[in-house]
Amino acid sequence: MKKIWLGASILALIAGTASAQQTEVRVMWYSDGVEGEVIADLLSRFEAANPDIDVVLDNVAYQVIQEQLPVQLASGSGPDIARVTNLKAQAEHWLDLRPYVADAAYWDTNFGDRFDWMRPDGSTAIPGFMTQLTLVGGFANATLFEQAGVALPGPTATWDEWIEASRQVMVSQGLPAAFAIDRSGHRISGPNASFGANYIGADGLPAPVDEGTMAFIGRLVDWTAQGLMLPETWVSAAGTTYRAAADDFANAQIPFYYSGSWQVANLSTKIGDAFDWVATGSPCGTAGCSGLAGGAALVAVRYTQHPEAVARVMDYLASEPVVREFTERTLFLPAHAGIVAAGGLNFQSADPNVPPALSRFVEASGETLPAADALPAWRWANTYYGALVTRVSQVMAGELTLEQARELIDRDIADQVAAAR
Amino acid sequence: MTSPLVLIARALDPALRLWQRRTGLGGMAAFFLLPNMAVFGVFVIVPLVLNFAYSLTGGAEILLGDRRFVGPEQYGRLLECQNYLVPLTCREDQFWNAVQNTAIFVTFQVSLMVTVAMITALILNRAIPGRAFFRAVFFFPVLLSPVVVGLIWRWILQREGLLNLIVTSLGGDPVVWLNDRFFAFAAAIGVSTWAHMGFFTLILLAGLQAIPKDLYEAAEMDATPPARVFWRITLPLLGPNLAVVLVLALIRGIQIFDEAYVLTGGGPGTATMFITQYIYEVGFASILRNPGLAAAASILMGAVLVVLTLVQLGLSKRAERARER
């Protein structure tokens with residue numbers, strides 16, 4: 001009996017020592033589609049090859065990233081690594097990986113173009129890397145258009161032409177609405193730029209709402225009043241609450257859906273072979289046919305106790321083979337310059353709608369306007385988006401006029417700028 | 001074998017005896033209340049003080065130590081208004097929208113709640129078949145999480161929901177119920193009443209059962225009409241309970257958040273945005289967050305709730321005295 005106790009004690013001691021030697025790295029992760037499963041698989045391989053690091057993947061809702069992570073960061077805590085979209089506004093909380101990564105030149109070469117999206121102005125830090133590039137753009141239900149006998153508008157079709165064509169499909173097929181745009185200020189900022197909007201003033205601070213913005217949001221309000229835009233997305237919520245209309249598109253409730261490239265995998269999974277769909281790029285306004293680039297990045301958090309271990313995880317996830325596999329399995333647009341240059345991505349999808357959709361997004365990424373391209377690296381972009389979505393929704397609900405909304409958007413933004421000073 | 005608790009008690013005994021000799025029975029009471037007060041202090045008093053401190057600060061920072069002191073500026077901003085009945089003339093139009101919505105909500109919801117709870121209690125107090133079953137049925141929604149309540153009703157009222165299924169099966173067109181300002185507001189009132197009615201029914205039922213039966217027997221012998229029995233016996237004797245129910249319903253009505261938030265998200269527009277949602281949005285959820293403003297709004301709301309709580313305490317004491325008599 002004594003021998004058994006002794007053996008058990010030794011085993012427990014060994015196990016305890018082994019776990020004490022392991023460094024825990026926590027990753028806060030949200031998913032739009034299948035990327036949570038893919039990253040879990042990739043990280044399990046990392047752990048197998050690096051038994052001294054225990055990577056804990058916390059899969060959370062996007063809302064947690066938006067609402068709880070900022071509070072954790074402000075209190076000097078939080079995960080070691082996080083997947084974030086609000087990059088610039090929280091730049092002060094990211095760890096500079098430059099002293100820790102194995103080859104800083106590799107990072108600069110392959111991800112350097114977008115470091116300014118996630119670091120303070122003038123900084124040379126390596127905060128992390130974009131896990132995906134996104135581009136705002138549209139999707140059309142080709143089957144519904146065909147059944148309605150309405151031709152899909154061409155690549156230079158205007159917003160008015162797209163909505164008119166979608167209206168015809170709606171009427172013909174007895175659908176509840178012609179189109180929907182996700183409830184997000186980010187989503188309407190590319191179209192605003194297409195009508196000549198510029199959010200950034202000469203001093204780098206937010207400019208007052210201009211005629212370009214008014215031109216598109218005026219249309220949006222009119223289309224909603226006419227019952228063309230699905231009311232559940234924008235009207236049925238208050239504040240800056242995010243609402244996507246992907247499920248309505250996947251359920252063939254709307255023939256045209258304006259969202260972005262990150263929906264490709266999601267739509268492919270949900271729609272299956274129920275109908276054919278295509279990516280349309282962004283319809284045109286008076287100034288161009290712009291979407292809005294953006295994306296999610298995996299960033300290291302400054303408050304980590306294990307920067308070396310974090311850098312090893314990040315080195316692994318940012319390595320070319322891992323990024324390539326992640327991209328091919330998630331159907332995301334890659335942000336790795338080497339992979340983009342090399343091409344030959346083998347997107348893992350049997351869905352025939354996927355390859356042309358991704359190609360269309362890649363093509364559309366060359367059509368964005370400078371006013372839109374400046375937004376991802378601009379500190380006040382989210383503030384502008386938040387004020388837009390809050391007040392435009394109130395106009396749609398009949399609580400404000402467009403002119404009142406214009407004044408209030410300017411005031412809301414000014415309040416935020418004043419608070420930050 | 002002596003139990004560990006007895007050993008601990010024996011060890012503490014001399015010290016406690018000394019404490020009692022020095023401070024008397026009041027001191028002993030304070031000693032035994034200490035653990036409870038410590039928990040209350042950490043989880044209620046400290047956050048309350050911190051909240052007040054936040055309300056006196058400005059800036060975009062989240063940590064109190066990083067924020068700058070601005071005095072009562074946030075309160076001034078909330079209360080700055082040309083016409084309190086027209087939110088758009090106020091500096092914080094969304095706050096006054098929420099105040100108006102909450103006032104209207106409380107007026108209608110509390111009236112409906114008290115009326116329905118009263119009727120239900122009167123019915124359940126009678127010797128009807130399956131009385132125990134119905135009591136459980138009416139109380140069941142109280143056991144549900146408010147989020148579940150909101151989700152259930154959202155599934156019923158959404159475009160592809162149960163209600164539209166019935167409407168379309170009767171030949172009608174589906175309606176986006178929650179997109180209609182009037183219906184969304186009515187739904188928030190109805191759902192909240194459904195969810196909490198059981199609790200208030202139970203209080204009233206307890207009050208009804210405490211009314212001496214001989215009063216009803218005397219009324220029956222005098223052939224008093226049922227309506228007169230209700231107005232002259234039931235209602236006056238139920239008065240203290242009814243007052244408690246009224247104040248508790250008012251407090252709960254002002255605090256409305258979870259089920260309404262899940263059900264309508266505050267929409268359409270800001271038609272169903274109530275004060276608590278405003279505080280949540282401004283303090284935490286919105287991209288345009290302002291913790292100081294949210295804290296000031298919550299202090300103002302807290303002040304209203306304190307007044308109502310004092311009223312409720314007064315009424316409870318009155319009810320107690322009435323029972324003793």
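What you see is a predicted model, and the numbers here were worked out from it, not measured in a lab. The sequence lines fix the lettering, A, B, ..., with proteins before strands; numbering per chain opens at 1.
Contact between B:G269 and A:A238 at its shortest, heavy atoms only, is O-CB, 3.2 Å. Of all heavy-atom pairs between B:E281 and A:G239, the closest is OE1-CA, 4.1 Å. The nearest pair of heavy atoms linking A:A420 to B:A60 is CA-CB, 4.2 Å. Contact detail for B:P268 and A:A397: the closest heavy-atom pair is C-CB, 3.9 Å.
Taking OG of A:S75 as the start and CD1 of B:I62 as the end, the distance is 8.5 Å to the nearest 0.5 Å. Between B:R159 atom CZ and A:S236 atom OG the span is 9.0 Å, to the nearest 0.5 Å. Atoms CD and CZ, on A:Q66 and B:R289 in that order, are 8.0 Å from each other to the nearest 0.5 Å. Going from atom CG of A:L400 over to atom CG of B:L88 covers 5.5 Å, rounded to the nearest 0.5 Å. Going from atom CZ of B:F284 over to atom CD of A:Q63 covers 13.0 Å, rounded to the nearest 0.5 Å.
Within a 6.0 Å radius of CZ in B:F69, other residues, nucleotides and ligands contribute more than 12 heavy atoms.
Contacts with chain A were tallied for B:R181, B:R67, B:M273; B:R181 has the most, counting heavy-atom pairs under 4.5 Å. Chain B forms the most heavy-atom pairs under 4.5 Å with one residue out of A:Q394, A:Q68, A:E232, and that residue is A:E232.
Tested against A:V235, the residues B:V176, B:L178, B:N179 include a single side-chain contact (heavy atoms from CB on, under 4.5 Å) partner, B:N179.
Among the residues in residues 406-419 of chain A, those with a non-hydrogen atom closer than 4.5 angstrom to a non-hydrogen atom of chain B are A:L408, A:R411, A:D412, A:D415, A:Q416, A:A418, A:A419.
Side chain of A:E399 to main chain of B:T270: a donor-acceptor pair is present (N/O by atom type, distance under 3.5 Å, no hydrogens or angles).
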